[in-house]
2 protein chains.
Amino acid sequence: MKDNNEMPGHLARRFQQIAVAVFLAEVEAVGFDLTPVQYAALAAIELNPAIDQATLAGLIAYDRTTITGVVDRLVQKGLIARRASKRDRRARELEITNQGKTTLQAITPAVEAAQRTLLRGLNEKEAEQLMRLLQKAISAGNELSRAPLRETAAERA
Amino acid sequence: MKDNNEMPGHLARRFQQIAVAVFLAEVEAVGFDLTPVQYAALAAIELNPAIDQATLAGLIAYDRTTITGVVDRLVQKGLIARRASKRDRRARELEITNQGKTTLQAITPAVEAAQRTLLRGLNEKEAEQLMRLLQKAISAGNELSRAPLRETAAERA
DNA sequence: TACTGATGATCAGTATGCTGATCAATATCA
DNA sequence: TGATATTGATCAGCATACTGATCATCAGTA
């Protein structure tokens with residue numbers, strides 16, 4: 001069997017493992033308690049007012065069943081509000097609260113620091129190259145996971 | 001806020017998400033039911049007979065509390081055996097079973113196919129480069145997660 | 001309009017992965 | 001030796017992710 005370091009799947013797992021640890025450490029250091037997943041959802045909701053959960057899931061490539069719990073916790077923390085849609089009674093519209101906006105602003109520097117820390121072993125050029133290659137591989141594999149990235153209705157227009 | 005595609009943490013999550021989906025699909029296609037995590041543990045146990053759980057965890061960078069459940073499931077599937085160590089009565093020694101060896105051999109082609117599928121968007125040179133950059137970033141961040149990669153006693157000698 | 005299929009949300013169940021705790025056993029050092 | 005610290009394994013609790021199911025609602029069509 002090959003060395004683990006020759007297995008892209010293993011590297012993917014390790015990189016993600018470190019990414020989460022770094023994110024949580026940086027965010028906790030500025031006094032907040034938000035996971036990477038919760039942060040991504042919160043940021044997406046701010047940029048897309050009244051978004052429904054299914055669209056949100058496609059926007060950040062989450063599984064639709066995972067979104068339910070994530071939204072639950074964001075609501076519970078008072079960072080977003082969930083209300084029934086009038087257009088479609090199946091859907092729930094999500095809206096960021098003032099506290100959510102404040103939180104987002106406050107942790108943005110920590111989030112950016114986390115991204116730098118994650119790539120601290122690479123120089124500028126290497127970091128740029130890694131991002132490009134990851135984007136390319138992810139783009140080619142997008143449809144292989146149950147939670148592919150989807151365009152918003154606005155982007156399709 | 002930056003586009004998600006400019007956030008290495010987001011890319012890490014997506015890449016890992018696709019890696020797991022591809023692995024499970026390829027392995028299931030040849031009639032087996034084994035997760036990436038279970039596979040890595042099983043392969044490491046075969047290469048390191050009588051390894052204890054803590055060393056195993058360090059070898060493949062798993063959290064020690066996660067290992068307990070993974071080992072449970074491998075034992076339950078009959079792929080490994082767990083017995084008390086005589087040298088250290090706290091430790092459990094792990095050994096692959098014949099069925100475990102057979103399973104490993106049988107799924108190895110599928111595992112290798114999964115690695116290729118994961119990188120199908122990249123050419124040979126790009127794939128090699130991505131692996132190298134990931135290794136470098138991971139190496140620099142190794143100590144930042146709770147479950148860093150550790151040398152085995154044999155490697156330290 | 002009635003039927004059929006698709007969609008939004010949720011649920012139960014399972015598997016990682018983590019935090020922090022506990023317990024037994026071992027190692028270390030005053 | 002005896003006190004202390006460390007280590008191996010496990011546990012409870014929480015948060016992602018997934019599979020597959022259900023339920024309500026909506027959309028398209030015969």
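Note that the coordinates shown come from a computational prediction; the quantities given were computed from them, not determined experimentally. Here is the naming used below: chain letters follow the sequence lines, and residue numbers restart at 1 for every chain. All values below come from the heavy atoms of this structure, side chains included, with hydrogens, waters and symmetry mates left out.
If you take CG of A:Asp33 and P of D:dC14, they are 13 Å apart, rounded to a whole angstrom. Taking atom OH on B:Tyr62 and atom P on D:dA9, their separation rounds to 16 Å, with Å as the unit. Note: CD1 (B:Ile51) to P (D:dG8) measures 12 Å, nearest angstrom. The CZ atom of A:Arg64 sits 12 Å away from the C1' atom of D:dT22 (whole-angstrom rounding). As rounded to whole Å, 13 Å separates atom C1' of D:dA15 from atom CZ of B:Arg13.
Considering only heavy atoms from C-beta on, B:Arg64 stays 4.5 Å or farther from B:Gln53 through its side chain. A 4.5 Å side-chain heavy-atom check between A:Gln135 and A:Met131 finds at least one atom pair inside the cut-off.
Near DNA chain C, meaning a heavy atom under 4.0 Å from it, residues 19-29 of chain A has no residue at all. Taking every heavy atom of residues 83-96 of chain A and every atom of DNA chain C, pairs under 4.0 Å involve A:Arg90, A:Ala91, A:Arg92, by number.
By the 4.0 Å N-to-carboxylate-O rule, A:Glu46 lies too far from A:Lys101 to be salt-bridged with it. A salt bridge does not link A:Arg82 with A:Glu93: none of the charged nitrogens is closer than 4.0 Å to a carboxylate oxygen. Classification of A:Arg150 and A:Glu143 as a salt-bridged pair holds, one side-chain N sitting under 4.0 Å from a carboxylate O.
Residues passing the salt bridge (Lys or Arg N to Asp or Glu O under 4.0 Å) test with A:Arg120, sequence neighbours excluded: none.
At the heavy-atom level, B:Thr35 lies under 4.0 Å from the strands shown only through sugar-phosphate atoms. Contact annotation for B:Asp63: base contact, defined as any heavy-atom pair under 4.0 Å involving a base atom.
Axis deviation across the helix from C:dT1-D:dA30 to C:dA30-D:dT1 amounts to 10°, comparing end segments of five pairs, rounded to 10 degrees.
A nucleotide of DNA chain C counts as in contact with chain B when one of its atoms lies under 4.0 Å from a heavy atom; the first and last such, 5' to 3', are C:dA15 to C:dT26.
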Worked check of side chain to side chain contact (heavy atoms under 4.5 Å, CB included) between A:Leu56 and A:Asn48 = CA-CA 9 Å; A:Leu56 172 62; A:Asn48 298 273; over 6 Å; no
Test side chain to side chain contact (heavy atoms under 4.5 Å, CB included) applied to A:Leu59 and A:Thr55, step by step | CA-CA 6 Å; A:Leu59 204 57; A:Thr55 307; 5.5 Å; no
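Listed by first and then second residue, the side chain to side chain donor-acceptor pair (under 3.5 Å) pairs that reach into residues 7-30 of chain A are A:Arg14-A:Gln17, A:Arg14-B:Asn142, A:Glu26-A:Thr117, sequence neighbours excluded.
Linking Ile, Leu, Val, Met, Phe, Trp and Tyr residues whenever their side-chain heavy atoms come within less than 4.5 Å places A:Ile96 and A:Phe32 in a single cluster. In this structure, A:Val30 is not a member of the same hydrophobic cluster as B:Leu144, with clusters built from ILVMFWY side-chain heavy atoms closer than 4.5 Å.
Side-chain N/O atoms of B:Thr65 include none lying less than 4.0 angstrom from OP1 or OP2 on D:dA9.
With DNA chain C read from its 5' end, the first of the two nearest nucleotides for A:Gln17 and A:Arg82 is the one closest to A:Arg82. Summary of the strand contacts: B:Thr68 and A:Ser145 both lie near DNA chain D, and taking for each the nucleotide with the nearest heavy atom, the more 5' one is attributed to B:Thr68. Along DNA chain C, the nucleotide closest to B:Gln38 and the one closest to A:Ala54 are compared, and the more 5′ of them pairs with A:Ala54.
A:Gln38 and A:Lys77 share a donor-acceptor pair across their side chains, judged by distance under 3.5 Å alone.
Within the model, atoms CZ of A:Arg132 and CG of B:Leu133 stand 10.0 Å from one another, a figure rounded to the nearest 0.5 Å. Remark: A:Leu130 CG to B:Lys136 NZ distance equals 11.0 Å, nearest 0.5 Å.
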